[in-house]
Amino acid sequence: MIDLHSHSTFSDGSESPERVVELAAAAGCSAVALTDHDGTDGIARAAARATELGVDLVAGCEVSCSATGTMHVLCYFVGDGESPLQEELTRLRDDRATRNLEMARRLGELGLPVTLDDVTAEAGGIGIGRPHFAAVLVRNGAATSVQDAFDRYLAKGAPGYVPKTRVEAAAILDLATRSGGVAVLAHPLSLGLAPHELGVELQHLADLGLTGMECYYGRYDPSTRAELVSLADGLGLVATGGSDFHGTYKPDLSMGTGTGDLDVPDRVLAELESRRP
Ligand code: AMP
Ligand code: ZN
Ligand code: FE
Ligand code: FE
């Protein structure tokens, strides 16, 4: 079993990179990818722990793309040295800081009990995003749960929402390839497309250099996973998978097993590796 999608305190996960790797090993994973949003700063710590535990650590990150629905791309085999992808990730993190300031200002204007200092402390100073705003709103009594905080204040269209810089899909696929990595479409159903449209969009993305898509996803049921695998096979895409573990921010998702029955085959990693540029 492997897990190619996880988040740590370096973005909006609640657990340290070391702990993410420990949980993967405990779940029986032979390999784990840390895929924090917009950065790879947690990789070195995850890799050190993975070596101690005899687990393979895949360097990854997750980037939000501009699309009608929600399009997230996972990049794998991302080096931490200078590369076109790392340059883009730096820009995304800088823009996120500006966005966080604006979200704090808007929520303050709404009279809500949340400051950028609270949110920064909640996030441990790095990788700050909406889930951290949500956690503070819950703690300070302005929402009953993280989901309630999103629904009322933080979701797209809600009064505290500020859009974040997104990258064109074609650009991220090109950056990943030019940086020696491969790109995989995360949780493909979040594109919000009907089955036929999804096939057309995936063909387009495959033509632009997409390597795989996440068919074995923590929250998809077995028949959905099987349908996505056959779609991927038909397009020559590697059928990948992972839990999208975020610790307490998404308490229904566990490392390795997702909602309980996830079991991504080991061979998926070898297939991805064989597609490295
Ligand atoms: P950000 O990168 O700051 O925009 O935050 C994205 C995170 O917020 C992801 O982990 C999402 O799962 C979570 N998120 C986005 N929209 C919603 C929503 N409507 N309800 C709950 N969580 C959401
Ligand atoms: Zn996340
Ligand atoms: Fe995602
Ligand atoms: Fe994710």
Side-chain angles (χ1 to χ4, degrees), residues 2-17 19-21 23-24 29 32-43 46 58-76 78 89 92-93 96 99-100 103 119 122-124 126-135 146-147 149-150 154-156 161 163-167 169 172-173 176 183-193 198 205 210 212-220 224 228 240-259 262 264:
I2 63 174
D3 189 335
L4 296 178
H5 192 161
S6 68
H7 299 268
S8 75
T9 46
F10 280 78
S11 63
D12 55 355
S14 63
E15 306 303 313
S16 67
R19 183 78 186 133
V20 169
V21 172
L23 290 168
C29 292
V32 56
L34 184 65
T35 53
D36 278 312
H37 300 277
D38 305 340
T40 57
D41 288 348
I43 298 295
V58 179
C61 64
E62 184 172 20
V63 174
S64 302
C65 296
S66 36
T68 40
T70 296
M71 186 189 286
H72 291 176
V73 168
L74 295 159
C75 301
Y76 295 113
V78 185
L89 295 175
L92 290 172
R93 289 195 299 274
R96 191 180 268 279
R99 176 210 196 203
N100 288 333
M103 276 200 292
V119 177
E122 168 67 28
I126 33 176
I128 303 165
R130 283 183 290 163
H132 304 113
F133 282 86
V146 166
Q147 190 57 55
F150 267 92
L154 298 167
K156 200 170 185 173
Y161 176 73
K164 119 185 118 180
T165 305
R166 287 164 192 278
V167 187
I172 198 69
L173 300 179
V184 165
L185 180 66
H187 38 74
L189 297 191
S190 72
L191 291 178
L193 298 176
L198 181 60
L205 293 171
L210 188 73
M213 76 157 154
E214 194 171 57
C215 303
Y216 310 102
Y217 184 62
R219 282 183 175 151
Y220 295 165
T224 303
L228 290 170
T240 73
S243 63
D244 207 359
F245 175 78
H246 282 74
T248 56
Y249 292 100
K250 294 188 183 178
D252 60 318
L253 297 174
S254 299
M255 276 309 290
T257 54
T259 53
L262 195 68
V264 182

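Both ligands and their constituent atoms are indexed starting at 1 by order of listing. Since this is a predicted model, take the numbers as computed values, not measurements.
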**Asked** Just how far is it from atom OG of Ser66 to atom CD1 of Ile172, taken to the nearest 0.5 Å?
**Response** 10.5 Å
**Request:** Taking Tyr220 for its side chain and Leu189 for its backbone only, find out whether a donor-acceptor pair lies under 3.5 Å.
**Result:** yes
**Asked** Is His5 close enough that one of its N/O/S atoms sits under 2.8 Å from the Fe ion (ligand 4)?
**Response** yes
**Prompt:** Just wondering, is there an N, O or S atom on His7 that's nearer than 2.8 Å to the Fe ion (ligand 4)?
**Reply:** yes
**Asked** Just wondering, is there an N, O or S atom on His37 that's nearer than 2.8 Å to the Fe ion (ligand 3)?
**Response** no
**Asked** Mind checking whether Thr259 and Leu253 have side chains closer than 4.5 Å, heavy atoms only?
**Response** yes
**Prompt:** Which single N/O/S atom of Asp244 lies at minimum distance from the Fe ion (ligand 4)?
**Reply:** OD1
**Asked** Taking the six-membered ring for Trp, are His37 and His246 parallel (under 30°), tilted (30 to 60°) or perpendicular (over 60°)?
**Response** tilted
**Under 3.5 Å side-chain donor-acceptor pair for Asp36 and Ser8** = yes
**Request:** Please determine, by modelled atom types, if His132 and Asp12 share a side-chain donor-acceptor pair under 3.5 angstrom.
**Result:** no
**Asked** Looking at the Zn ion (ligand 2), is one of the N, O or S atoms of His37 less than 2.8 Å from it?
**Response** yes
**Request:** Of all N, O or S atoms in His187, identify the one at the shortest distance from the Fe ion (ligand 3).
**Result:** NE2
**Message:** Let me check your reading of the structure: within less than 2.8 Å of the Zn ion (ligand 2), is there an N/O/S atom from Asp12?
**Reply:** yes
**Message:** To 10 degrees, how wide is the angle OE2 (Glu62) to the Fe ion (ligand 3) to ND1 (His72)?
**Reply:** 90°
